[in-house]
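Note that the structure is a prediction, hence the values are computed from the model and not measured. We're numbering straight along the sequence, starting at 1.
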Amino acid sequence: MRFIAREEIDALHLDDAMLVDALRQAFQASSAGEIAMKPKSTVSQPDGAFQISTLAAWPKRNLGIFHSILGAPPANLAPGEAHYRSYQLVTNYERGTARAVVDGSFTSTMLPAGVTALAAQALARADSRIATFIGAGLQTRVNLAALRGLFPLEEVRILGRSAANAEALAREIAASGLKASVTGDAEAAISGADIIVSTVPSGPHLVPFLEPSWVSPGAFVSAVDLGRSWRDGFEAFDRVISDDRAQAAVQHAEGRLRYGGSYDSELPELVTGQRPPRQDAKERIVLIHPGNIVGVMAITALILDRLPSLQAAA
């Protein structure tokens, strides 16, 4: 068994289009009953540390996977240091043997962006031009990159806890050709935006500060942060979508997901056409990301497919 490091994964040059296509195929397979899985289970500590695990099997791809996320107490982390790390133990489904342990930092970083992009294709307006990001870290960067390839974005608004980080990000975005601004006014950041992505990390002292009622008609919200930065009042949305209903129910029961439902649709239903995409230009729609093992398996399978040295161990 070998360890697949982040450097090997980066060398594969997996782009957003590849990731979205892999996610679409895996959600279709899941909808067809080809993937057996369990929702994530969480152990949380008062100091902000957490451990999360989940597992799945995809017999047609001869894949088994155990996915783990390890979060350190925020007080122990240096500024800018990742607040969690993830790993995947990949097995040969037919033989029950271990194939590899995969550094999951790429998957954990890119999965939310891929899910945002996949959902936005169905739920955001095609003419979306103004995007607001709540947070100024890595998730804002990768989600923006994924959305720029799909929509005619012209303006980006940034609301972040660190003014220095937000200003630095705004300069990066402006240098890439988009209008970029930093604001400390949450309502002004959200009002009038076509796409809103909230990426606030978890923490023991986080207090929700965003009002669903501020979202303008026609907007699409991608709550990468499980909606933890949003106050109650989700009835302001015309549709509330989950990437995985079962996962959302477990995460709510364990206290990680504040919103308890109900959900209009889940992502596999949108991908397979069982539920409709956006039906009206004025619909307010939110996607809540409780996270899902199907997406993790999709990206992990893509990595394995692109690593010839792993084929002999398949």
Quiz item: What closest approach, in Å, do L210 and W214 show between heavy atoms, and which atom pair accounts for it?
Solution: CA-CZ3, 3.9 Å
Quiz item: Would a distance-only check, ignoring hydrogens and angles, find a side-chain to backbone donor-acceptor pair under 3.5 Å from R157 to E155?
Solution: no
Self-check item: Note, L23 side chain near L111 side chain (heavy atom, < 4.5 Å)
Solution: yes
Quiz prompt | Heavy-atom check, side chain of D305 versus side chain of R61, under 4.5 Å | solution = yes
Exercise. Output the distance between atom CD1 (I293) and atom NZ (K40), rounded to the nearest 0.5 Å.
Key: 9.0 Å
Self-check item: Candidate pair R148 and S176, rule side chain to side chain contact (heavy atoms under 4.5 Å, CB included), full reasoning
Solution: CA-CA 11 Å; R148 287 189 74 172; S176 73; 2.7 Å; yes
Exercise. Give a yes or no on whether I130 and I195 share a hydrophobic cluster (residues Ile, Leu, Val, Met, Phe, Trp, Tyr; joining criterion: side-chain heavy atoms under 4.5 Å apart).
Key: no
Practice problem: Identify whether L12 and L19 are in the same connected component of the hydrophobic contact network (ILVMFWY, side-chain heavy atoms under 4.5 Å). | Solution: yes
Quiz item: Quick one: do R85 and D103 make a salt bridge, cutoff under 4.0 Å?
Solution: no
Quiz prompt | Of all pairs that satisfy ring pair (Phe, Tyr, Trp, His ring centres under 6.0 Å), the ones with a partner from residues 10-54, not counting sequence neighbours | solution = none
Practice problem: Establish whether M297 and V250 are linked, either directly or via other cluster members, by ILVMFWY side-chain heavy-atom contacts under 4.5 Å. | Solution: no
Practice problem: Say whether, by atom type as modelled, one donor and one acceptor occur between the side chain of R99 and the main chain of R2 under 3.5 angstrom. | Solution: no
Quiz item: Between the main-chain N or O of T42 and the side-chain N or O of R256, is there a donor-acceptor pair closer than 3.5 Å?
Solution: no
Quiz item: If you take all heavy atoms of D244 and G291, which pair is closest and at what distance?
Solution: CB-O, 4.5 Å
Quiz item: Any sub-3.5 Å donor-acceptor pair from H67's side-chain atoms to L55's backbone N or O?
Solution: no
Quiz prompt | Side chain T109, main chain S105, donor-acceptor under 3.5 Å | solution = yes
Quiz item: Between D225 and P201, is any pair of side-chain heavy atoms under 4.5 Å apart?
Solution: no
Quiz item: Quick one: CZ on F220 to CD on Q121, what's the gap to the nearest 0.5 Å?
Solution: 10.5 Å
Self-check item: Reported CG-to-CG distance for the pair D16 and L118, which is rounded to 0.5 angstrom
Solution: 12.0 Å
Quiz item: How long is the gap from CD1 on I285 to CG on D280, to the nearest 0.5 Å?
Solution: 9.0 Å
Exercise. May I ask you to decide if G135's main-chain N or O and T140's side chain share a donor-acceptor pair within less than 3.5 Å?
Key: yes
Quiz item: When you measure from the side chain of S128 to the backbone N and O of R125, does any donor-acceptor pair fall under 3.5 Å?
Solution: yes
Exercise. Not counting sequence neighbours, list each pair that qualifies as a ring pair (Phe, Tyr, Trp, His ring centres under 6.0 Å) and has a residue in residues 263-306.
Key: Y259-Y263
Self-check item: R161 CZ: over 12 foreign heavy atoms closer than 6.0 Å
Solution: no
Exercise. Sequence neighbours left out, what passes salt bridge (Lys or Arg N to Asp or Glu O under 4.0 Å) with D264? Give chain and number order.
Key: R239, R275
Practice problem: Under the side chain to side chain contact (heavy atoms under 4.5 Å, CB included) rule, what do S68 and Q51 come out as? Steps first, then yes or no, please. | Solution: CA-CA 7 Å; S68 64; Q51 296 178 318; over 6 Å; no
Self-check item: Student check: side-chain heavy atoms of L63 and V90 closer than 4.5 Å
Solution: yes
Self-check item: Stepwise side chain to side chain contact (heavy atoms under 4.5 Å, CB included) test for F66 and T91
Solution: CA-CA 8 Å; F66 180 86; T91 64; over 6 Å; no
Quiz prompt | R284 side chain to V215 backbone, donor-acceptor under 3.5 Å | solution = yes
Quiz item: Shortest non-hydrogen contact from F3 to E8?
Solution: O-OE2, 3.5 Å
Practice problem: Following the transitive rule for hydrophobic clusters with a side-chain heavy-atom cut-off under 4.5 Å over Ile, Leu, Val, Met, Phe, Trp and Tyr, establish whether L304 and M1 coincide in one cluster. | Solution: no
Practice problem: To the nearest 0.5 Å, tell me how far S242 OG sits from Q251 CD. | Solution: 10.0 Å
Quiz item: For I35 and A56, which heavy atoms make the closest approach, and how far apart are they?
Solution: CG2-CB, 4.3 Å
Quiz prompt | Pair T107-V102, side chain to side chain contact (heavy atoms under 4.5 Å, CB included): steps then yes or no | solution = CA-CA 9 Å; T107 299; V102 182; 5.5 Å; no
Practice problem: Could you tell me whether the side chain of E167 and the main chain of A164 form a donor-acceptor pair under 3.5 Å? | Solution: no
Practice problem: Please examine the side chains of V200 and F209, heavy atoms only from C-beta on, and report whether any two atoms are closer than 4.5 Å. | Solution: yes
Self-check item: Shortest non-hydrogen contact from T116 toward S222
Solution: OG1-OG, 2.7 Å
Quiz item: Is there a path from L89 to Y87 through hydrophobic residues (I, L, V, M, F, W, Y) whose side chains come within less than 4.5 Å of each other?
Solution: yes
Quiz item: Out of I173, L144, T132, which one pairs with I158 under the side-chain contact (heavy atoms from CB on, under 4.5 Å) rule?
Solution: I173
Practice problem: Taking side chain to side chain contact (heavy atoms under 4.5 Å, CB included) as the test, write out the residues that go with E94, two or more places apart. | Solution: N62, N92
Practice problem: State which residues pass salt bridge (Lys or Arg N to Asp or Glu O under 4.0 Å) with E254; sequence neighbours excluded, sorted by chain then number. | Solution: none
Quiz item: Does the side chain of W58 come within less than 4.5 Å of I65's, by heavy atoms?
Solution: no
Quiz item: Do you know which two heavy atoms are closest between P208 and R228, and how far apart they sit?
Solution: CG-O, 3.6 Å
Quiz item: Quick one: are W230 and V286 in side-chain contact, heavy atoms under 4.5 Å?
Solution: no
Quiz item: When you measure from the side chain of R278 to the backbone N and O of E283, does any donor-acceptor pair fall under 3.5 Å?
Solution: yes
Practice problem: Drop me the distance from Q88's CD to S108's OG, to the nearest 0.5 angstrom. | Solution: 6.0 Å
Exercise. Enumerate the residue pairs fulfilling ring pair (Phe, Tyr, Trp, His ring centres under 6.0 Å) with a member in residues 93-133, sequence neighbours excluded, ordered by first and then second residue.
Key: none
